[in-house]
Number of protein chains: 2
Amino acid sequence: MRPTTKDLAKAAGVSLATVDRVLNGRSGVRKKTVDAVNDAIKKIGFERNQLAATLARKRGYRFGFVLPKEGDEFLEEILVRIREANITWRAEMIEVKAIRIDEHDPHKAALALSKVSTKDFDGVAVMAPETPQIRDAIKRMRERDIMTIPFIANQQDIEKDNFVGINNRAAGATAGRLMGRFSCGRTGTVAVINDTMQSRDSLERRLGFDAISNQFFSNLTILPSLETFGDPERTHKIIETTLNANANLLGVYIIGSEARVPLEAMERLGHDRHLTVLAHERTPSTTSALKKGTLAAIITQDTGHLVRSAVRILRAKCENRSALASQERIRIEILIAENL
Amino acid sequence: MRPTTKDLAKAAGVSLATVDRVLNGRSGVRKKTVDAVNDAIKKIGFERNQLAATLARKRGYRFGFVLPKEGDEFLEEILVRIREANITWRAEMIEVKAIRIDEHDPHKAALALSKVSTKDFDGVAVMAPETPQIRDAIKRMRERDIMTIPFIANQQDIEKDNFVGINNRAAGATAGRLMGRFSCGRTGTVAVINDTMQSRDSLERRLGFDAISNQFFSNLTILPSLETFGDPERTHKIIETTLNANANLLGVYIIGSEARVPLEAMERLGHDRHLTVLAHERTPSTTSALKKGTLAAIITQDTGHLVRSAVRILRAKCENRSALASQERIRIEILIAENL
DNA sequence: CTTGACCTGAGGTACGTACCTCACTAGACA
DNA sequence: TGTCTAGTGAGGTACGTACCTCAGGTCAAG
């Protein structure tokens, strides 16, 4: 049988009350006694029964997902997974909620984060650009004892091991390799399209893409990144211009996570050019483009896994445990029509 | 607040004891009363608190993984994940264990399965070839009230929706598409290597591979499958023969899940032929071959996900719930050096 | 020596469910 | 009329932990 708090009390030579004080970090215990209890924990291999603990606490955990206010299909995917997570963990008394922030207005965003209170949330996963205001807001949330982890978008200064998301340099490199192999040694240019190159994630993908191209595929010339700023009209225009200006265009790499608009433009303007088009994230648009053949491949991460992983890590942090690393590594997936 | 059994008793106009009898399927309750309780469950939206339930039961669940006695790296991967699963779910009182069977001796295997008792296991995930003896043994386990699901290797007749594993036809098709794209339109032959073509999974992969090749890549001629029967010497010999007999060999598709020996042979005998080699399952051998460039890509399934999914489904079945389908779909993953 | 701050123990209740015993009732049957 | 039985209710204990109160103890400062 697994040792209980009672066994622990006996082993440490203290009362149940003291065990409780130590386990839950309450004050009023001499350092010496704390050590004695901790030694006993190791000695008898005590492990808190989380079932009983959460039952006794009369409430489970509430976690928030800080997400941008604006978004298209990829964001919707995440919202769906958050709804699913509520079903998955209802029996374990875990509730999950989205918190939307205006990512283009760092002040408003920071303000929204400052309103997140211990009363409402035990922890939050933050998907937000890396600005000083956000960084500060995160720091202050932690001071309020709210567990905080970066989500999908990395925040440089935060402990790296808790980041839930992919290595974007590797994701870009993966795209680079696929572009190279699919171009079959032909000589030509490749266009790179993105919402904005301001974000760290985009930069890293571009870096990874360029590194592989330069090293292995000298037949390809990668053009400077084109920024759409999320504007459909502008997107069409720059794609049209690029197609006209590059007769020897072989491929297009859509860096951002919202590929719908660029893909629509590609289907309208470039369907007769037999281009190798690569995009990120599995969404209705990318999926259908893959089936139609507009897209050669999708580089994606599993949104369900992302959300569940964040929840597991937040819970582990709340319970002062460490999560199982191998379960939480988010994989960079390659999708083609056959393995959709 | 969530309704409890007490609320349910009040709503149904019965006592707690009766509610307990109905919820846990005990005898001695009139049909009319059972219906009344079930109606009340729906009406007030009662949902059993699993935390409290497992705590009160004084024991969690014990699940078994029926695996072949013999195996190489892929099997070892699964064993590692089973060990990890024990860590993941220790707090929820779930124990997982491997049960090894001799898959080449259907009688012994069936005998081993017949020894699995309700005392030791609440449910098992079975990875075994589809023979009449095994099918029978599984049927009898179910009669003994042990939850049983097919694992990795599908069993045709068992309810399909509980199968934990990938669609092998799609996996073969994925390999076919990659082989086609990587061959860049060159004309030549492709060899297919496998332990044995006896298993349904191998056949399905081959079918998927052929379908894509025939439809889209008429430049490729797919050779008949070569069977190694797990014998290293034989493997070397048939690979050597194939290499010598096919001057225009473009690629090799290793169908089986244990690719170590064929890969070693390829590295020894075919490293100067610039072949496109594809294999299944992420293992130390395939990973290192991918890094070295011997392999063009790996088509794999996440073993951790497989094991966890099986556990979640078994638990759901024990608790008379349905698992969340979207979480349990095992993905066919493509690995190249960049997204390892 | 007294005071007060700090530490510790004893004992309780509660969480929501499982599982047990016992008593009671209504109706069937002899 | 009495006996039997299936169905039901009342009440309890237990699981392992959290959280509460209160009583008593130690020890240093005054």
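The chains referred to below are lettered A, B, ... by the order of the sequence lines, with proteins before strands, and numbering in each begins at 1.
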Inset, instruction - For residues Pro3(A) and Leu8(A), determine if any side-chain heavy atom of one lies less than 4.5 Å from a side-chain heavy atom of the other. - result: no
Inset, instruction - Decide ring pair (Phe, Tyr, Trp, His ring centres under 6.0 Å) for Phe65(B) and Phe151(B); before the verdict, give the C-alpha distance in whole Å, the side-chain angles of both, and the deciding distance to 0.1 Å. - result: CA-CA 8 Å; Phe65(B) 280 83; Phe151(B) 182 64; 5.0 Å; yes
Legend entry - Nucleic acid contacts - residues 49-60 of chain A versus DNA chain D, non-hydrogen atoms under 4.0 Å: Asn49(A), Ala52(A), Ala53(A), Ala56(A), Arg57(A)
Legend entry - Atom pair distance, as rounded to whole Å: CG in Asp7(A) and P in dC15(D): 11 Å
Inset, instruction - Check whether any side-chain heavy atom of Leu67(B) sits under 4.5 Å from a side-chain heavy atom of Ile101(B), and report yes or no. - result: no
Inset, instruction - Can you tell me the distance, in whole Å, between the NZ atom of Lys32(B) and the C1' atom of dT8(D)? - result: 13 Å
Legend entry - dA18(D) OP1/OP2 closer than 4.0 Å to side-chain N/O of Arg48(A): yes
Inset, instruction - Calculate the interatomic distance between Glu92(B) atom CD and dG16(D) atom P; express it in whole Å. - result: 16 Å
Inset, instruction - Please state how far atom CZ in Arg26(A) lies from atom P in dT17(D), giving the value in whole angstrom units. - result: 13 Å
Inset, instruction - Measure the distance from NZ on Lys6(A) to C1' on dG9(C) and round it to the nearest whole Å. - result: 15 Å
Legend entry - Any side-chain heavy-atom pair of Arg59(B) and Met93(B) under 4.5 Å: no
Legend entry - Value in whole Å for how far the P atom of dT8(D) lies from CG of Asn24(B): 16 Å
Legend entry - Length of the CG-C1' vector between Asp20(A) and dG16(D), whole Å: 12 Å
Inset, instruction - State whether the side chain of Thr303(B) and the backbone N or O of Ile78(B) hold a donor-acceptor pair below 3.5 Å, judged by distance alone. - result: no
Inset, instruction - Tell me which nucleotide among dA10(C), dT17(D), dC7(C) gets nearest to the side chain of Thr33(A). - result: dC7(C)
Inset, instruction - Write down the distance between CD1 (Ile41(A)) and C1' (dT17(D)), rounded to a whole number of angstrom. - result: 14 Å
Inset, instruction - Please state whether the phosphate of dT8(D), meaning OP1 or OP2, lies under 4.0 angstrom from any side-chain nitrogen or oxygen of Arg30(B). - result: yes
Inset, instruction - Give a yes/no answer on whether the side chain of Arg21(B) brings an N or O atom under 4.0 Å of OP1 or OP2 in dT8(D). - result: no
Legend entry - Ile134(B) side chain reached by Gln155(B) side chain, heavy atoms, under 4.5 Å: yes
Legend entry - Flag side-chain contact, heavy atom, 4.5 Å: Met147(B) against Asp122(B): no
Inset, instruction - For dT8(C), take OP1 and OP2 only and decide whether either is under 4.0 Å from a side-chain N or O of Ser15(A). - result: no
Inset, instruction - Describe, as an angle rounded to 10 degrees, how the axis at the first end of the helix from dC1(C)-dG30(D) to dA30(C)-dT1(D) is tilted relative to the axis at the last end, five pairs per end. - result: 40°
Inset, instruction - Locate the shortest heavy-atom distance separating Ser27(B) from Arg21(B); write the atom from each residue and the value. - result: O-CD, 4.4 Å
Inset, instruction - Considering only NZ, NE, NH1 and NH2 on the basic side and carboxylate oxygens on the acidic side, decide whether Asp302(A) and Arg331(A) come within less than 4.0 Å. - result: no
Legend entry - Side-chain N,O (Thr18(A)) to OP1/OP2 (dC7(C)) below 4.0 Å: no
